[in-house]
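From a predicted model like this one, the values you see are computed outputs, not experimental measurements. Note that these values count all heavy atoms, side chains included, but never hydrogens, waters or copies made by symmetry.
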Amino acid sequence: MRAEATSERFASNRTARPGAAMARIPMPLRESEAIVLQSYPLGEADRLVSFLSRSIGRVRGVASGARRTKSRFGSTLERLSHVRIWFFEKETRELVRISQTELIESFLDAFRDYASGIGLAIISEVTEAVLPDREASDANFRLLLLTAQAVKRTGKWEVPLAYFALWTVKLGGWLPPLDACSRCRTVLTASEPAYFSPGSSALLCGKCRKPGLRMIPAPALAAARKMLAQRLDRLTDASISNAAARELTEVALDVIERQIDRKLKSRELLEPTA
């Protein structure tokens, strides 16, 4: 995907009372490519929006009048909408003021499928939970968009969700090497399972495992290695089974929940693995 340039403009704040000193202090108007993470009702007509700006990171802001029938925002503030957004920000305020949005790509149709909608809800919630405020991460932005586009294009969520969860763990620095036991350094073969400890981010062989560790079946471990070596859009359904993808997703989400110190609400909607 071609990255679009991000620019900044400046406009004067004309909302203060005439004659007030603050009326002449400029308020920066920023323009950025962004993905909407969450959107909540605020008051009678506004919306509180959490979005991932490609250039600034995770930001929260208020879209005034967004809930009105004839709102200028239309459907651009739906979850995971890929947009170009214009917003005012002030150093003394945590929330920015969203002035305009322009839709680049919508994922409403993908959300209408129940299973795909759950997968998309998870990637949105995870992204919001793991990224700090105002810290740009182009890798996480591209990962989120690539995953959402894969679900929308294929109508399948198992492999894209596993890919997203695994790479989120990788980008967070919580993923141990997948080719050797973290304790004895024995090479992990492609035909043997491994055992994962979320608390220490360690992958152990059968000889070094301890009670209570989660087993990662050999097919799921092989799937993880493929996902780390290839782009999502180059993985084929034949190369990774849905069962292996689900196992991998469960392991990665366990790690993420431990790191954010809470349960993911959208994960509760996933059907348990057989």
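- A salt bridge is defined here as a Lys NZ or Arg NE, NH1 or NH2 lying under 4.0 Å from an Asp or Glu carboxylate O, and K265 with E125 fails to meet this definition.
- R58 places a side-chain N or O within donor-acceptor distance of the main-chain N or O of E128, the cut-off being under 3.5 Å.
- A distance of 8.0 Å separates CG of N242 from CH2 of W157, quoted to the nearest 0.5 Å.
- For the pair S116 (side chain) and V151 (backbone), a donor-acceptor distance under 3.5 Å is absent.
- At least one donor-acceptor pair under 3.5 Å links the side chain of K226 to the backbone N or O of S239.
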Could you walk me through whether R209 and M215 satisfy the side chain to side chain contact (heavy atoms under 4.5 Å, CB included) test, starting with their C-alpha distance in whole Å, then the side-chain angles of each, then the deciding distance to 0.1 Å, before giving a yes or no? CA-CA 9 Å; R209 67 170 173 166; M215 184 186 77; over 6 Å; no

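- Within the model, atoms OG of S124 and CZ of F111 stand 6.5 Å from one another, a figure rounded to the nearest 0.5 Å.
- At distances below 3.5 Å, not a single donor-acceptor pair connects side-chain atoms of S32 with backbone N or O atoms of A34.
- Checking side-chain atoms of E257 against main-chain N and O of L264 turns up a donor-acceptor pair under 3.5 Å.
- Taking 4.0 Å as the cut-off between side-chain N and carboxylate O, D254 and R267 count as a salt-bridged pair.
- Counting heavy atoms from C-beta on, the side chains of R134 and E89 come closer than 4.5 Å.
- Closest approach of L253 to A165, counting heavy atoms only: CD2-CB, 4.3 Å.
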Taking it one step at a time, do R258 and V255 satisfy side chain to side chain contact (heavy atoms under 4.5 Å, CB included)? CA-CA 5 Å; R258 186 177 182 88; V255 176; 5.8 Å; no

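- With F88 as the aromatic partner, R97 meets the cation-pi criteria of under 6.0 angstrom to the ring centre and within 45 degrees of the ring axis.
- The shortest side-chain heavy-atom distance between T147 and W167 does not fall under the 4.5 Å cut-off.
- Looking only at side-chain heavy atoms (C-beta outward), I35 and L145 come within less than 4.5 Å of each other.
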Quick one, V62 with I98, criterion side chain to side chain contact (heavy atoms under 4.5 Å, CB included). Give me CA distance, side-chain angles, the key distance, then yes/no. CA-CA 6 Å; V62 176; I98 301 170; over 6 Å; no

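- Side-chain polar atoms of H82 and Q149 form no donor-acceptor pair below 3.5 angstrom.
- The main-chain N or O of R68 is never found under 3.5 Å from a side-chain atom of S71 such that the two would form a donor-acceptor pair.
- Annotation: side chain of D179 is not in contact with side chain of L188 (no heavy-atom distance under 4.5 Å).
- At least one side-chain heavy atom of L270 sits under 4.5 Å from a side-chain heavy atom of I122.
- The backbone N or O of G65 sits less than 3.5 Å from a side-chain atom of D46, completing a donor-acceptor pair.
- Side-chain atoms of Q38 and R79 include a donor-acceptor pair closer than 3.5 Å.
- At least one donor-acceptor pair closer than 3.5 Å links the side chain of T249 to the backbone N or O of A245.
- The closest side-chain heavy-atom distance from E78 to S39 is not below 4.5 Å.
- With sequence neighbours excluded, no residue satisfies salt bridge (charged side-chain N to carboxylate O under 4.0 Å, His left out) with R67.
- In this structure, L232 CG and L166 CG are separated by 11.5 Å, a value rounded to the nearest 0.5 Å.
- Judged as a side chain to side chain donor-acceptor pair (under 3.5 Å), the pairs with a partner in residues 197-207 (not counting sequence neighbours) are, in order, S197-S200.
- The closest donor-acceptor contact from the side chain of T168 to the backbone of F164 lies under 3.5 Å.
- The distance from atom CG of L161 to atom CG of L120, rounded to the nearest 0.5 Å, is 9.0 Å.
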R214 and E247: CA distance, side-chain angles, deciding distance, side chain to side chain contact (heavy atoms under 4.5 Å, CB included) verdict: CA-CA 10 Å; R214 184 175 190 128; E247 285 282 356; 4.1 Å; yes

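- With sequence neighbours excluded, the residues satisfying side chain to side chain donor-acceptor pair (under 3.5 Å) with E94 are R60.
- The two atoms that bring R231 and Y163 nearest to each other are CA-OH, 3.6 Å, heavy atoms only.
- Residues V130 and I256 share a closest heavy-atom pair of CG1-CG2, 3.9 Å.
- In this structure, R54 pairs ionically with E33, as a charged nitrogen and a carboxylate oxygen lie closer than 4.0 Å.
- Using a 4.5 Å heavy-atom cutoff, the side chains of F196 and P176 are in contact.
- Put simply, the side chain of L48 reaches to within 4.5 Å of the side chain of L95, judged on heavy atoms.
- Judged purely by atom type and a 3.5 angstrom limit, R72 uses its side chain to pair as donor or acceptor with the backbone of S99.
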